[in-house]
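Have a look at the structure that comes next, please.
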Amino acid sequence: MNANNSTLRAAITGLGVYLPEKRLTNQELEQMLDTSAEWIVQRTGICERRIAAPKETTFTMALEASRQALTVANLSAAKVDLIICATLTPEHPFPSTASLLQHALGATRAAGFDLEAACAGFIYALSVARAYIISGMAENILVIGSETMSRVVDWEDRSTCILFGDGAGAAVVRAVRGPAEVGGAIESVVLANDGSKASALIIPGGGSHSPTTEETVRQRLHFIQMNGSEVFKAAVRGMSDACLLAAERADLKLSELDLMVAHQANARIIEAVQRRLGLPDYKVYQNLQRYGNTSAASVPIALYDAQQEGRLRSGMRVAIAGFGGGFSCGAAIIRWG
Ligand code: COA
């Protein structure tokens with residue numbers, strides 16, 4: 001994108017997170033399952049994950065993250081035009097989690113909807129926010145990824161339950177003008193889908209295909225089912241191809257990229273993407289050792305932590321990437337404001 005100073009751009013102006021206090025360590029999982037802490041850390045890089053308390057839900061976590069993001073962005077909720085909540089674990093099938101947030105935040109003039117693109121949800125939501133802003137349909141948008149994965153993983157399936165955790169991340173996306181070097185910009189976004197692989201990462205039960213019955217419950221169809229190696233290969237290919245295309249669209253050479261914040265699913269997936277893009281270690285951020293895979297929340301939580309740790313600074317150009325069920329995939333190049 002060749003933006004001049006008068007071009008309307010969409011920029012992230014504030015981030016917020018919420019993480020439940022309860023930690024579930026690999027050592028604790030050893031007591032619950034036929035697994036070992038060593039296996040989990042070697043195969044995934046994950047050491048512990050956060051688990052929502054009974055009163056913590058996708059909505060309550062999203063609310064806390066949103067409040068923080070609005071405070072950081074110095075934006076009153078009454079000025080928010082749109083709330084997009086990316087989640088595969090909504091508060092209810094309907095109404096949307098975004099509707100609950102609209103009321104609880106006092107975002108009196110905001111429209112809102114939930115967006116389901118599994119673990120790529122935050123990138124998809126960001127792309128919608130950017131399009132609304134560039135087209136002039138909105139000025140201030142709250143984009144949230146919030147997930148209570150602990151309520152949809154099968155705690156009897158050691159190949160999936162070790163991977164996931166709960167949490168929320170929120171970003172305020174605003175219309176800005178002037179130099180991108182100062183105000184920041186979401187410079188490019190790339191999205192992709194491969195529905196032929198839908199069954200490789202799925203919650204088969206609870207929708208119109210298999211409504212809840214005693215039989216669907218008995219068959220444990222309301223929990224995540226996954227073909228791990230198929231997801232692994234597609235995630236590496238999908239996120240690296242999407243990053244390459246997003247960089248090309250942003251007129252950015254990969255050597256000029258300052259940081260990559262990929263979906264925090266598995267350290268080996270991130271390292272394989274890193275190799276394909278030829279990035280040095282110091283340009284790749286990881287925090288999955290602390291939180292596991294928080295699905296749509298993982299990228300905003302990682303951006304927040306990277307900023308807190310001084311790894312993500314004003315003026316930097318960062319690639320974010322996501323991959324998940326669908327298979328859904330996306331990447332964006334962001335100039336940090
Ligand atoms: N503890 C111990 N052993 C386990 C285990 C666990 N928690 N989970 C699986 N295993 C076993 C398997 O049963 C298999 O045993 P077998 O060879 O006797 O059949 C063995 O470990 C190897 O399994 P494999 O699937 O080859 O391991 P892997 O190296 O592919 O790692 C994943 C498994 C799940 C960690 C890996 O495939 C992965 O991360 N995939 C992507 C998952 C993901 O990120 N999903 C979300 C994307 S949004």
Side-chain angles (χ1 to χ4, degrees), residues 24-49 86-89 115-125 145-150 152-167 169 191-195 197-204 223-243 261-274 286-289 291-302 320-331:
L24 178 64
T25 64
N26 291 350
Q27 286 70 22
E28 287 169 292
L29 282 170
E30 274 181 346
Q31 311 303 313
M32 298 161 54
L33 298 158
D34 178 18
T35 189
S36 72
E38 198 191 346
W39 190 97
I40 299 172
V41 85
Q42 274 180 3
R43 298 293 177 112
T44 71
I46 299 163
C47 298
E48 60 181 36
R49 64 288 291 143
T87 184
L88 66 86
T89 52
L115 184 153
E116 201 279 282
C119 299
F122 184 77
I123 318 273
Y124 273 67
S146 184
E147 302 278 19
T148 320
M149 299 303 286
S150 62
V152 294
V153 297
D154 187 344
W155 289 102
E156 293 181 9
D157 176 7
R158 66 177 184 171
S159 68
T160 53
C161 73
I162 56 150
L163 299 171
F164 295 97
D166 301 333
L191 303 178
N193 243 351
D194 179 5
K197 300 292 187 324
S199 62
L201 186 51
I202 188 169
I203 298 176
F223 298 126
I224 294 173
Q225 295 180 358
M226 181 182 74
N227 177 332
S229 59
E230 199 169 345
V231 173
F232 191 107
K233 284 181 270 177
V236 172
R237 207 173 36 244
M239 287 199 286
S240 34
D241 288 354
C243 282
V261 178
H263 172 46
Q264 303 288 305
N266 182 317
R268 291 189 300 141
I269 293 177
I270 296 176
E271 283 153 18
V273 174
Q274 174 183 355
Q286 277 192 33
N287 66 356
L288 56 80
Q289 58 278 9
Y291 311 128
N293 178 348
T294 56
S295 185
S298 96
V299 168
I301 293 172
I320 58 172
F323 184 91
F327 289 152
S328 57
C329 183

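One-based numbering, in listed order, for ligands and for the atoms of each. A quick note: this is a predicted structure, and the numbers were derived from the prediction, not measured.
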*Are side-chain heavy atoms of Val231 and Phe327 found at a separation under 4.5 Å?*
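A side-chain contact exists here, since the closest heavy-atom pair is under 4.5 Å.
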*What are the atoms of ligand 1, with element, lying closer than 4.0 Å to any heavy atom of Val231?*
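Taking each heavy atom of Val231 in turn, ligand 1 has 43 (C), 45 (N), 47 (C) under 4.0 Å.
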*Measuring from Gln274:CD to Met239:CE, what's the distance to the nearest 0.5 Å?*
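The CE atom of Met239 is 12.0 Å from CD of Gln274, to the nearest 0.5 Å.
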*Stepwise side chain to side chain contact (heavy atoms under 4.5 Å, CB included) test for Glu48 and Tyr291*: CA-CA 6 Å; Glu48 60 181 36; Tyr291 311 128; over 6 Å; no
*Quick one: look at Ile269 and ligand 1, take heavy-atom pairs under 4.0 Å, and tell me if it's side chain, backbone, both or neither.*
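For Ile269, the contact with ligand 1 is made by the side chain alone.
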*Give a yes or no on whether atom 18 (O) of ligand 1 lies under 4.0 Å from any heavy atom of the protein.*
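No, there is no protein heavy atom closer to it than 4.0 Å.
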*Is there a nitrogen or oxygen of Arg158 sitting under 3.5 Å from a nitrogen or oxygen of ligand 1?*
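Yes: some nitrogen or oxygen of Arg158 is under 3.5 Å from one in ligand 1.
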*Between CG on residue Asn227 and OG1 on residue Thr160, distance to nearest 0.5 Å*: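 Answer rounded to 0.5 Å: 12.0 Å.
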*asked:* Can you check which of Phe232, Phe164, Phe323, Trp39 brings a heavy atom nearest to atom 36 (C) of ligand 1?
replied: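 Checking each option, the heavy atom nearest atom 36 (C) of ligand 1 is found in Phe232.
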*Nearest protein heavy-atom contact for atom 27 (O) of ligand 1: which residue, which atom, what distance?*
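The answer is Arg43 NH1, 3.0 Å.
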*If you look at every heavy atom in Val273 and Ala235, which pair is closest and at what distance?*
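The answer is CG2-O, 4.5 Å.
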*Answer yes if a protein heavy atom lies under 4.0 Å from atom 22 (C) of ligand 1, otherwise answer no.*
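It does; a protein heavy atom is within 4.0 Å.
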*Option from His263, Met149, Glu147 for which side-chain contact (heavy atoms from CB on, under 4.5 Å) with Cys119 holds*: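 Answer to the side-chain contact (heavy atoms from CB on, under 4.5 Å) test with Cys119 among His263, Met149, Glu147: His263.
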*asked:* Under 4.0 Å, counting heavy atoms only: does Leu29 come that close to any atom of ligand 1?
replied: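 So Leu29 does not count as touching ligand 1.
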*Which residue from Asn266, Thr35, Ile40, Leu201 reaches closest to atom 38 (C) of ligand 1 through any of its heavy atoms?*
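The nearest heavy atom belongs to Asn266.
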*Between Asn293 and ligand 1, which part of the residue brings a heavy atom under 4.0 Å of the ligand: side chain, backbone, both or neither?*
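It is the side chain that gets close, since no backbone atom is under 4.0 Å.
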_Are the side chains of Leu29 and Trp155 in contact, using a 4.5 Å heavy-atom criterion?_
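In short, these two side chains touch, coming nearer than 4.5 Å.
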*Do Leu288 and Asn293 come within less than 4.5 Å of each other through their side chains, counting heavy atoms only?*
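Counting from C-beta outward, Leu288 and Asn293 never come under 4.5 Å.
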*Which residue and non-hydrogen atom of the protein lie closest to atom 31 (O) of ligand 1, and at what distance in Å?*
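The closest one turns out to be Arg268 NH2, 3.5 Å.
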*Enumerate the atoms of ligand 1 whose separation from the nearest heavy atom of Ser159 is less than 4.0 angstrom.*
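Once the distances to Ser159 are compared, the set is 8 (N), 9 (C), 34 (C).
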*Please identify which atoms of ligand 1 are closer than 4.0 Å to at least one heavy atom of Cys119.*
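Atoms satisfying the 4.0 Å criterion: 48 (S).
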*Could an N or O of ligand 1 be found under 3.5 Å from any N or O of His263, whether backbone or side chain?*
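There is no such contact.
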*Evaluate the side-chain proximity of Val41 to Ile46: yes if any heavy-atom separation is below 4.5 Å, no if none is.*
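Side-chain contact under 4.5 Å: no.
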*Closest non-hydrogen protein atom to atom 44 (O) of ligand 1, residue and atom name please, with distance?*
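I find the closest protein heavy atom is Ala265 CB, 3.4 Å.
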*Contact check, side chains of Phe164 and Ser150, non-hydrogen atoms, under 4.5 Å*: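 Answer no - side chains too far apart.
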*Tell me, which protein residue and heavy-atom name are nearest atom 42 (C) of ligand 1, and how many Å apart are they?*
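Here the nearest protein heavy atom works out to Met226 SD, 3.5 Å.
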_Nitrogen or oxygen atoms of Gly228 and ligand 1 under 3.5 Å apart_ =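 Yes - when backbone and side-chain N and O of Gly228 are compared with those of ligand 1, one distance drops under 3.5 Å.
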*Take every heavy atom of Ser229, measure it against each atom of ligand 1, and state whether any distance is under 4.0 Å.*
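For ligand 1, residue contact (heavy atoms, under 4.0 Å) with Ser229 is present.
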*asked:* Just to verify, which of Thr25, Leu163, Asn26 counts as forming a side-chain contact (heavy atoms from CB on, under 4.5 Å) with Ile40?
replied: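 Going through Thr25, Leu163, Asn26 one by one, the side-chain contact (heavy atoms from CB on, under 4.5 Å) with Ile40 is satisfied by Asn26 alone.
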_Quick one, Ile224 and Ile202 - any side-chain contact, counting heavy atoms below 4.5 Å?_
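No; the side chains remain at least 4.5 Å from each other.
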*atom 46 (C) of ligand 1: protein heavy atom closer than 4.0 Å?*
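It does: a protein heavy atom is found less than 4.0 Å away from atom 46 (C) of ligand 1.
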